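As the structure is a computational prediction, the values presented were derived from the model and not from experiment.
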Amino acid sequence: MLQSIHIKNIVLIENLELDFKAGFTALTGETGAGKSIILSALGLVLGKKADVSILRFGAESGEVTAEFAVGKRIAEILSENEIEGEGLVIRRKIGADGKSKSFINDTPVGLKLLEEIGRNLVEIHGQHDQSLLLETARQRDIVDKYAGLEKELGVLGAAFEEWKAAEKELAERKSKIAKAREEEDYLRHVAEELAEVNALPGEEEKLADQRREMMDFEKTTAVLREVVEDLTRDKNVDSAIISAQKILLRANNPRFARAIECLEQASVELGEAFSEIERVENELDADPDKIALIEERLFKIRDLSRKYDRHPDELGALHAEVVEKLKQLGSEEGDIKALEKRVGELDDAYSKLALAVSEKRKLAAKKLEQKLVAELKPLAMQGTKFEVRFELVAPGVKGVDKVEFLASTNPGTPLSPLAGIASGGEISRFMLGLKVVLLGASTAPTIIFDEIDTGTGGSVAAAIGERLAKLGKELQVFVVTHLPQVAALAKHHLKVSKKTAAKRNVTHVEELTAVARKEELARMLAGAEITEEARAAAGKLMG
């Protein structure tokens, strides 16, 4: 709801502050007094494009500040854009250079955000303004709200999301399997190649050591021969030790006991050394066939290591990994069938829900057509035709229907989208009738009707006033009117007048008391000269 507005240096307005109330408010005044200026100023804070011509003559800048009550949708938009504040204050400043700055709760914002918020705050119906109701994209939502489908749409949206999530999972699994199928022959080749070699952890290093030992055979045997030759050169070392031991024993001298003991130990260790040399010599294997076998296996393991970019010790793990992938190909087939079945079931469930929602929409649309046509007759639009047209579209969270409002305000003319129907006054009255029928399905808490009474009077004007009053019980409604029958039914009455101050015209706005209101209605009835008859008629209109 619009709570207040402060306008500074806009056209004829030097400095104007207005507070607004809930319900139905009429704005009246002579032509040229500045009623449209207030709407233009309000349009600035709602995101309309600014033109330097709107500035008051001689002013360096103009500014409009409006305060609104915050509803659920507005709170969501503010939160999404990280704008803080308990209320909602929108300020728009326009400079003489044509540039403008916009602020929401003192936070600088772009025009796009300002327009988005504005469209959810106020609807302006007039010759140069189009309501959200004129947008095809919003018309399905209007029918849904009229039909009371909020709960059904929640269930339908959840069913759609679940169905699409299952479809996505199925597509991803199929893609994965298709990719695996492309690699299947390769995977089988890898598995067979790795299984054939069956490399064990540490085997490559062991084979390499064996190969080195066998390749060093000649060098090792030469060393062993040289050692034996040195030990047996001239005479047998072992015999010499035994001979020396005997000589010392025959001397039978206690001083030689330690030497005899060392010679005995040397004899034992020398025997062990000859045994070890013999063992090593016996272990050496220079069999060319065995070397070839070792080299063949070693090179196979190393080739696979290079080929698959894995350490030789990891080839066994690679083999297990490839085998597991091949196993999964078989199990995936069963998973795919189960997923396909689930997707089909979810598709059927969604389709049933979408069909039920569509049927309820169409029933509600028929009632809407009938009620709107009946509502338009007292508004001097008795020849108007109205149709809610349905078109089948791709499934979505809100079903399979595209909804479009079509109308014809003149007999013999074909139905066309609402945005293309007749004059501004007819559009306003059409929207008034539609708003009355859709009471409770409003897209904004504040509605402004401009030129709604163009070309009407008498009973039609009274019918317009009655419907505005009805809307005013649920919404904040403003109407700019020249008809006393309309203004008399308003809960609040603002008079816009033009006064001269310091040789300059300025727009003045005042909220009328009961007495002043009767006088204003009498002026609207009688014209320039107010008669007692006009005052009496005004009193009668006020009830």
Side-chain angles (χ1 to χ4, degrees), residues 23-26 122-136 138-147 364-389 403-411 413-483 485-487 489-490:
F24 173 25
T25 299
V122 181
E123 286 185 30
I124 300 178
H125 301 287
Q127 189 169 3
H128 304 294
D129 300 281
Q130 290 193 348
S131 161
L132 295 180
L133 295 176
L134 298 179
E135 297 179 8
T136 303
R138 296 291 186 106
Q139 290 167 357
R140 180 176 60 187
D141 294 339
I142 292 168
V143 172
D144 289 344
K145 205 162 187 180
Y146 180 70
K366 286 297 178 186
K367 292 179 182 178
L368 178 61
E369 290 172 351
Q370 295 167 3
K371 286 190 176 182
L372 180 58
V373 170
E375 191 66 35
L376 291 175
K377 288 180 181 179
L379 300 176
M381 297 183 72
Q382 58 269 24
T384 298
K385 294 178 182 178
F386 175 67
E387 178 183 313
V388 181
R389 185 168 293 176
V403 175
E404 186 174 17
F405 291 173
L406 303 176
S408 167
T409 58
N410 297 305
T413 59
L415 292 164
S416 62
L418 293 189
I421 63 171
S423 67
E426 284 181 320
I427 291 175
S428 295
R429 292 199 300 279
F430 185 95
M431 287 303 163
L432 173 60
L434 188 56
K435 275 291 184 182
V436 171
V437 173
L438 296 173
L439 197 59
S442 177
T443 53
T446 299
I447 307 174
I448 298 173
F449 289 97
D450 188 20
E451 299 188 29
I452 194 170
D453 51 17
T454 301
T456 66
S459 62
V460 175
I464 291 173
E466 289 169 2
R467 282 152 181 78
L468 289 169
K470 186 176 181 180
L471 283 179
K473 292 178 181 179
E474 301 291 335
L475 304 167
Q476 184 183 41
V477 178
F478 293 91
V479 62
V480 177
T481 182
H482 293 284
L483 296 181
Q485 297 95 326
V486 173
L489 293 173

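Here OG1 of Thr136 is found 9.5 Å from CZ of Phe405. Values are rounded to the nearest 0.5 Å. The distance from atom CD1 of Ile464 to atom CD of Gln485, rounded to the nearest 0.5 Å, is 9.5 Å. In this structure, CG on Leu376 lies 9.0 Å from CZ on Phe386, to the nearest 0.5 angstrom. Atom CD in Glu387 sits 6.5 Å away from atom NZ in Lys366 (nearest 0.5 Å). Here the CG atom belonging to Asn410 is positioned 7.5 Å from the OG1 atom belonging to Thr384, to the nearest 0.5 angstrom. A distance of 8.0 Å separates CD of Gln476 from CD1 of Ile448, quoted to the nearest 0.5 Å.
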Name each donor-acceptor pair under 3.5 Å that joins a side chain in residues 466-473 to protein atoms two or more places apart or in another chain, with its distance.
from: Arg467; atom 1: NE; to: Glu375; atom 2: OE2; distance (Å): 2.3
from: Arg467; atom 1: NH1; to: Ala463; atom 2: O; distance (Å): 3.0
from: Arg467; atom 1: NH2; to: Glu375; atom 2: OE2; distance (Å): 3.3

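Under the 4.5 Å side-chain criterion, counting only non-hydrogen atoms from C-beta, Leu368 is in contact with Leu438. Side chains of Leu406 and Ser416 form no contact here, defined as non-hydrogen atoms less than 4.5 Å apart.
Here the shortest heavy-atom pairing between Ala444 and Leu475 reads O-CD2, 4.1 Å. Listed here is the closest heavy atom pair of Leu489 and Phe24: O-CD2, 3.4 Å. Contact between Phe430 and Ala407 at its shortest, heavy atoms only, is CE1-CB, 3.9 Å. When all heavy atoms are compared, the tightest approach of Glu404 to Gln139 is CA-OE1, 3.2 Å. Nearest heavy-atom pair across Tyr146 and Val437 is CE1-O, 3.6 Å. Contact between Leu415 and Arg389 at its shortest, heavy atoms only, is CD1-NH2, 4.4 Å.
Proximity of a side-chain donor or acceptor of Glu369 to a complementary backbone N or O of Val388 within less than 3.5 Å is detected. Side chain of Ser408 to main chain of Thr413: a donor-acceptor pair is present (N/O by atom type, distance under 3.5 Å, no hydrogens or angles).
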